[in-house]
Amino acid sequence: MGAGRRTCGMLLTFRESVADALRAALEARDLPTDDLGIEEPPADVDAVLASSVAFRLAGDLGAPPPEVAAELAGDVDADDHRFLDRVEPNGPYLNFFPDEAYFRETLSAGLDDDYGRLPDRDTSVVVEHTSANPTGPVHVGRARNPIIGDAVANLLDYAGYDVDRHYYVNDAGRQIAVFTWAYETFDEADLPDPARDRAEYRMVRYYRKGNEFLEEAPDPEVEAAEAEIQAILQGLEAGDEAAYERVGEVVDAVLGGMRECLARLPAEFDEFVRETRFMRDGSTDDVVARLKDHDRSVYEEDAWQLTFEEIDKNLVFLRSDGTSLYTTRDLAHHEWKFANYDRAVTVLGEDHKLQADQLRRTLRMLGNDVDALENVIYSYVDLPEGKMSTREGTGVQLDDLLDEAVARAREEVESRLDDRLRSDELDADDVDRIARQVGVGAVRYDIVAKQPTKGITFEWEQALDFEAQSAPYVQYVHARCCGILNEAGDREPTPDPAPLTTDAERDLLRAVARLPGVVADAADDLEPHRVATYTRELGDRFNRFYRECPVLGADDPETVAARLALVAAARHAMANALDVLGVEAPRSM
RNA sequence: GGGCAUGUGGCCUAGCGGACAGGGCGAGAGGUUCCUAACCUCUAGAUCGCGGGUUCGAAUCCCGCCAUGCCCGCCA
């Protein structure tokens, strides 16, 4: 399906028409047009868009809002505007109704597999997400990052941006030096069995052992260890190849395992960008040199620091021992992003907000256009008893959550096999497929459907509740669409809205028409959860249609063909909305 | 102490300046000779944390307070 068929969407076009029409009517009367008050009306109003301008103009015109609305409705010339059929006053509101072309084109656009994708914007954006330190298994506390990050990247991709997904790898920090020292020092025989037979689970045992040692061992032994850790850090700073290799071995192993875990979501990356890259290529040194020359930098307590006007906390950018810090390297990293991309989006936990704020201000001081940088901030998922920690080994691993979710989904599928009304048979592969799609989908949907800033306390029962407003509800709609389309045989969909006369059909069609607008708006605000809200609304509409309107058993062939087109459009809208969320759309359930 | 975020029926959540605050779970009552009942219908349940303010209009904006979380490291 070609990009040539991608459109900005009927609703977006209709929205522009409504704005143009209303603006023209207001200008003709010399009224202000700065706030047209265009909104989507409540569900029980048939109009597709409405305006509340009449409230604002009532004062100027010296008439009550309903009178103003009635007059303005008379002024609007619907004929001149694409998709606009008519405008009707309704109390103080103006209700705008689209014409049949709007519905016909929605139906027609909906036949495309790519429905919901917006035209290419010729703008590149790098989405950095996850970027968890390669110290051990991915736990649920930070699982929000890949799930939200992947959805943000998908969303921007659908909205027409050229998206690259990056994982920024901390391979230069103290934690990794500790890890490397511990890996080289301790004997596997002294470690507990790994919780799972995969690299990061085996490796994290050294990390935990090392941290434990540094906390509990006698001082002389700790000092010796610290000297070794320092040697690794200094080696990296000095560009010592041997140091890079030692660290690289640990990082590669752990990261390899973490990637396997993330791939289950699936969250995949175009590039793993290593911090050490910006040490080796000299750009961190360059940043340090420029910062030293800056008016707001000071040399205090043997370290170079940057002061801020509005932040009471200095940013140390060069330690007293001459080594750089995470943020120093991140500055070089971001200048590299600016050089290679039009926009940069970073998904990060709320604990990084201060650091992100300092980073942004410092980048501006260094002469960068920081409008290109946007953050998506999320709160961590905590356990009822507190925070999850890789170092302390507290927390629920993402692998375990996914395993449990898939297992429960399998139980559900199997328990339903007996009382299926449907004649088709699900074989063992179907059961596997459905269990995975539903189980993983439920976990992702549960996370991505919520506003990221809200805190989540992890509870098994809640995370695995398939009954609630969840992935299966919305996935089931897709499966139902596929079921109908599969049985249609040689009866072809026809994108003609004329036979679609019931409220249930029109409501569904209106919901289908909204997808491109939802994608555009959600992408503008980097809010993928709005797409999840949309899937629920689309699902509600579809289920009502399904109940009230037989498709294959409709009275005449024209209605069958039109309803088939509506089902196909609903299917593509749902499949692509789910694709944005990173949730699979099952063909059968 | 300072900064940032969050606070919507028992629980989870949408809405974030406009039409009666939508859903879901849980509770109660129903629906399947018909394209998959992982569905649908109905009932009960909300001082939108509290108090002020701005506005024709506030869950939504502003101020204060309370509660919770995060941050305030030459860690990341």
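All chains are named by letter (A, B, ...) in the order of the sequence lines, taking the proteins before the strands, and each is independently numbered beginning at 1.
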- Item | Non-neighbouring partners of A:E71 that pass salt bridge (Lys or Arg N to Asp or Glu O under 4.0 Å), sequence neighbours left out | A:R29
- Considering just the side-chain nitrogens and oxygens of A:Q451, establish if one lies under 4.0 Å of OP1 or OP2 belonging to B:rG15. yes
- Task: Would you please name every residue forming a salt bridge (Lys or Arg N to Asp or Glu O under 4.0 Å) with A:E310, sequence neighbours left out?
- Result: A:R361
- Query: Any side-chain N or O of A:Y476 less than 4.0 Å from the OP1 or OP2 oxygen of B:rA38?
  - Reply: yes
- Query: With respect to the side chain of A:L354, which nucleotide from B:rA76, B:rC70, B:rC72 is positioned closest?
  - Reply: B:rC72
- Item | Among B:rC35, B:rU41, B:rC11, the nucleotide that comes nearest once only the side chain of A:R547 is considered | B:rU41
- Item | Sidechain-backbone polar pair: A:R329 side chain, A:F278 backbone, donor-acceptor under 3.5 Å | no
- Hey, is A:E412 close enough to A:R408 for a salt bridge, meaning N to O under 4.0 Å? no
- Item | Distance, C1' atom - from B:rG49 to B:rU6, rounded to whole angstrom | 11 Å
- Item | Residue-phosphate contact under 4.0 Å: A:N543 side-chain N/O, B:rC39 OP1/OP2 | no
- For A:S379, which contact category applies under a 4.0 Å heavy-atom criterion: base, sugar-phosphate, or nothing? nothing
- Task: Check whether any side-chain N or O of A:Y473 sits under 4.0 Å from OP1 or OP2 of B:rC40, and answer yes or no.
- Result: yes
- Whole-angstrom distance between B:rC62 and B:rG45, as gauged at atom P: 34 Å
- Query: Out of B:rC56, B:rA38, B:rA14, which nucleotide sits closest to the side chain of A:F55?
  - Reply: B:rC56
- Query: Counting only distance, no hydrogens or angles, is the base of B:rA19 paired donor-acceptor with the side chain of A:N95 under 3.5 Å?
  - Reply: yes
- Indicate, with a heavy-atom threshold strictly under 4.0 Å, whether A:T453 touches base, sugar-phosphate, or nothing. sugar-phosphate
- Message: Looking at A:R530 and A:E537, is there a salt bridge between them, counting it only when a charged N and a carboxylate O are closer than 4.0 Å?
- Response: no
- When only distance counts, do a donor and an acceptor, one from the side chain of A:N486 and one from the base of B:rC35, lie under 3.5 Å apart? no
- Query: Taking only side-chain nitrogens and oxygens of A:R480, does any of them come within less than 4.0 Å of OP1 or OP2 of B:rA37?
  - Reply: yes
